[in-house]
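Input: a single structure, listed below in structure tokens.
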Amino acid sequence: MKFGIEFVPNEPVFKIAAYTKMAEDRGFEYAWITDHYNNREVYSTISVLALSTNKIKLGAGVTNPYTRSPVVTAASIASVNEIAGGRAILGIGPGDKMTFEALGLSGEKPLSAVKETAEAVRELLTGKKITYDGNTIQLKNAKLDFADPKKTGVNMNLPIYIGAQGPKMLEMAGAVGDGILINGSHPDDFKAAAIQIQKGAAAANRDVKDIDIAAYTCFSIDADAEKAYASAKPVTAFIIAGASGALLERHGISEENKTEIAGAISKGDFKGLNTIITDDMADRFAVIGDFDKCMKKAKELERAGVTQLVAGSPLGPNKEKSIQLIGQIISEF
Ligand SMILES: C[C@H](OP(=O)(O)OC[C@@H](O)[C@@H](O)[C@@H](O)Cn1c2nc(=O)[nH]c(=O)c-2cc2ccc(O)cc21)C(=O)N[C@@H](CCC(=O)N[C@@H](CCC(=O)O)C(=O)O)C(=O)O
């Protein structure tokens with residue numbers, strides 16, 4: 001199993017670059033930068049990371065089909081890929097519906113929009129003139145002049161990963177994605193996802209073994225397990241509050257639990273959340289604990305079919321210490 005790490009660009013980019021270099025030096029193979037309109041811009045951030053590292057792969061994790069046109073997305077990831085010497089990856093998902101309201105975006109037809117953007121970008125990255133006539137995208141003789149590998153010497157046929165959680169999105173991802181970034185931290189989530197992914201891959205005549213199944217986890221590690229739980233629980237609260245009924249049912253969390261947690265969030269009662277959310281609840285939506293506990297969970301996820309574990313926010317009470325501890329897990333995995 002490979003290891004990745006997620007950074008939210010809500011901190012100065014040079015700080016994220018230092019963390020990413022630390023992660024590269026400790027054996028992480030992927031760094032994923034989230035894309036929300038209210039944080040620093042994802043491609044600018046990845047460009048700086050590209051200049052500060054040598055081998056770690058750098059992904060938009062994940063952008064969406066609504067805040068940029070597919071041609072701008074293709075030009076952005078291709079530009080970053082040239083700077084990174086061919087280490088860029090495009091991750092694309094339907095986007096966070098909550099944030100779209102502020103932008104007056106409807107986020108409609110998410111399945112079609114994500115699938116068509118992935119297909120159109122893949123064609124644009126050939127550097128050829130392309131026409132694409134889809135449900136949500138129309139392009140006519142569009143061409144990325146610089147994407148021709150003969151001009152840049154960089155292979156622009158970069159991997160495209162799909163950020164997915166819902167059953168139809170997972171099925172589509174199985175048909176279209178080189179990898180799938182699944183917001184989940186429990187083996188049961190990946191056993192359920194595998195059924196949808198397999199369905200989509202089979203329909204597209206693909207072998208699931210060729211798809212990188214990435215667990216995009218809420219991760220919190222510290223030598224003091226209690227501190228790790230305290231750091232993770234507020235993040236798991238947001239996950240539970242936004243989770244679908246089917247997901248909560250799979251993890252034995254009632255609608256009452258969800259309402260109580262959402263209530264505590266809206267009151268800003270993060271102290272109360274520490275008791276409302278039990279350790280077992282948190283374990284359902286995050287990889288949490290000391291070295292041994294996190295190593296054990298990582299092995300369980302690998303057995304459930306995960307091929308890349310992405311350590312996501314908060315990483316733990318102290319980011320640098322967490323990167324070192326996960327680096328130890330990587331070296332002993
Ligand atoms: C749209 C939604 O898909 P989903 O996979 O559950 O999306 C939830 C999240 O994955 C989505 O919000 C992501 O963008 C969240 N996300 C991020 N979102 C961000 O905005 N920024 C990020 O940086 C980010 C990172 C990220 C990393 C991993 C990951 O897994 C998700 C991440 C959904 O409801 N899907 C359903 C229904 C799909 C649907 O609407 N179908 C309609 C429409 C059909 C059509 O599209 O034409 C129909 O069938 O009629 C399903 O998959 O079954």
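We count ligands from 1, going down the list as the structure has it; atoms in each ligand are counted the same way. Along the sequence shown, residues carry numbers from 1.
Under the 6.0 Å distance and 45° angle rule, K299 counts as a cation-pi partner of F333.
With a heavy-atom cut-off of 4.0 Å, K97 does not touch ligand 1 at all.
Around atom 12 (O) of ligand 1, the closest heavy atom drawn from G95, G59, P65 belongs to G95. Of the candidates G163, P94, A113, P94 brings a heavy atom nearest to atom 7 (O) of ligand 1. For atom 47 (O) of ligand 1, the nearest non-hydrogen atom from the set G93, S112, G61 belongs to S112. Evaluated by nearest non-hydrogen atom to atom 48 (C) of ligand 1, the leading choice among M98, K168, E6 is K168.
D35 has a carboxylate O that lies under 4.0 Å from a charged side-chain N of R68, or vice versa, which qualifies the two as a salt bridge. Salt bridge K271/D269: absent, no basic N to carboxylate O contact under 4.0 Å.
For the ligand labelled ligand 1, residue I182 lies inside the 4.0 Å heavy-atom shell.
For ligand 1, the polar-atom distance check against H36 finds a nitrogen or oxygen pair separated by under 3.5 Å.
Protein heavy atoms are absent from the 4.0 Å sphere centred on atom 33 (C) of ligand 1. In this structure, atom 25 (C) of ligand 1 has protein heavy atoms in its sub-4.0 angstrom surroundings.
Looking at heavy atoms from C-beta onward, N81 lies out of side-chain contact with L125 at the 4.5 angstrom threshold.
Outside the 6.0 Å centre-distance limit, the rings of F285 and H186 are not counted as a close aromatic pair.
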